[in-house]
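Both counts, for ligands and for their atoms, begin at 1 and track the order of listing.
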Amino acid sequence: MTLDFSILLPYIPMLLAGAWFTVKASLCSVVLGSAFGLIVGAIRVVPFAPVRGLAATYIYVIRGTPLLVQLFLIYFGLPSLGINLPAFVAGIIGLGINSSGYVGEIVRGGIEAVPKGQWEASKMLGLSYLKSMRYIILPQAIRSMLPAIGNEFVTLIKESSLLSTLAITELTMAGQQVRSVTYASFETFIAVGIIYLCLTSSTSFALQLLEKRWSTR
Ligand code: ARG
């Protein structure tokens with residue numbers, strides 16, 4: 001067997017367009033997932049067990065079911081309730097919701113890592129629970145959460161390949177299309193894999209630089 005990558009040359013723009021879409025979709029999902037995850041994580045630590053249980057159940061269900069099933073539920077299932085979402089929107093919401101379960105746990109860990117004395121001190125200052133959380137605890141917790149949320153972005157770049165099952169032309173779907181016209185399956189998916197590697201490693205590298213900068217301040 002001989003590999004002939006030159007057959008892919010005319011299709012490189014197509015793959016790069018898919019890669020660009022992958023980046024945009026992952027970025028939207030990580031923003032949505034982090035915002036939602038921050039809320040879930042904060043609810044996960046309220047001093048009222050039933051409410052805490054609600055957030056714990058949410059995280060339990062989200063992390064205990066496959067992302068693919070969640071995507072299908074949103075894209076193919078919701079129309080039964082009259083909710084028809086465009087594939088891209090359904091995909092971003094699905095990825096975002098999935099990510100929020102993982103971010104919720106990151107946030108909980110971050111909040112719990114803030115020394116108890118900080119809670120006591122803000123209580124002494126007469127701050128309410130919400131104010132302590134908003135002004136004292138979260139600002140400190142977020143610092144320790146950022147690296148993990150950065151990793152979440154890298155994870156989403158890879159997980160977004162599942163969006164191809166909703167007929168969204170991200171990188172994996174672009175690969176499928178190139179494969180179906182060139183019949184060069186091996187070459188195509190080697191190229192797709194390399195592009196994913198470039199995306200994940202350059203993102204990790206950029207995040208490392210940011211982390212270094214933030215930790216020296
Ligand atoms: N592959 C996992 C699944 O099918 C999804 C993992 C998502 N992870 C994340 N950190 N968002 O359930």
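Looking only at protein heavy atoms, the nearest one to atom 11 (N) of ligand 1 is E152 OE2, 2.7 Å. Of the protein's heavy atoms, N98 OD1, 3.2 Å lies nearest to atom 7 (C) of ligand 1. Counting protein heavy atoms only, atom 3 (C) of ligand 1 is closest to L67 N, 3.5 Å.
Using a cutoff of 4.0 Å between basic side-chain nitrogens and carboxylate oxygens, E105 and R108 are scored as salt-bridged.
Annotation for F36: atom CZ does not count as buried by contact number, only 12 or fewer foreign heavy atoms lying within 6.0 Å.
A donor-acceptor pair under 3.5 Å is formed between the side chain of R52 and the backbone N or O of V46.
In summary, the atoms of ligand 1 found under 4.0 Å from a heavy atom of P66, numbered by their order in the structure, are 4 (O), 12 (O). Close contacts between ligand 1 and T65 involve ligand atoms 12 (O) [criterion: under 4.0 Å to a heavy atom].
Cation-pi geometry between R179 and F189 is not met: the NZ or CZ atom fails to fall both under 6.0 Å from the ring centre and inside 45° of the normal.
For Y58 and S100, the side-chain atoms include at least one donor-acceptor pair closer than 3.5 Å.
Not a single N or O atom of S99, backbone or side chain, sits closer than 3.5 Å to an N or O atom of ligand 1.
Taking the six-membered ring for Trp and thresholds of 30 and 60 degrees, F88 and F21 have ring planes more than 60 degrees apart, a perpendicular arrangement.
At least one heavy atom of T155 sits less than 4.0 Å from an atom of ligand 1.
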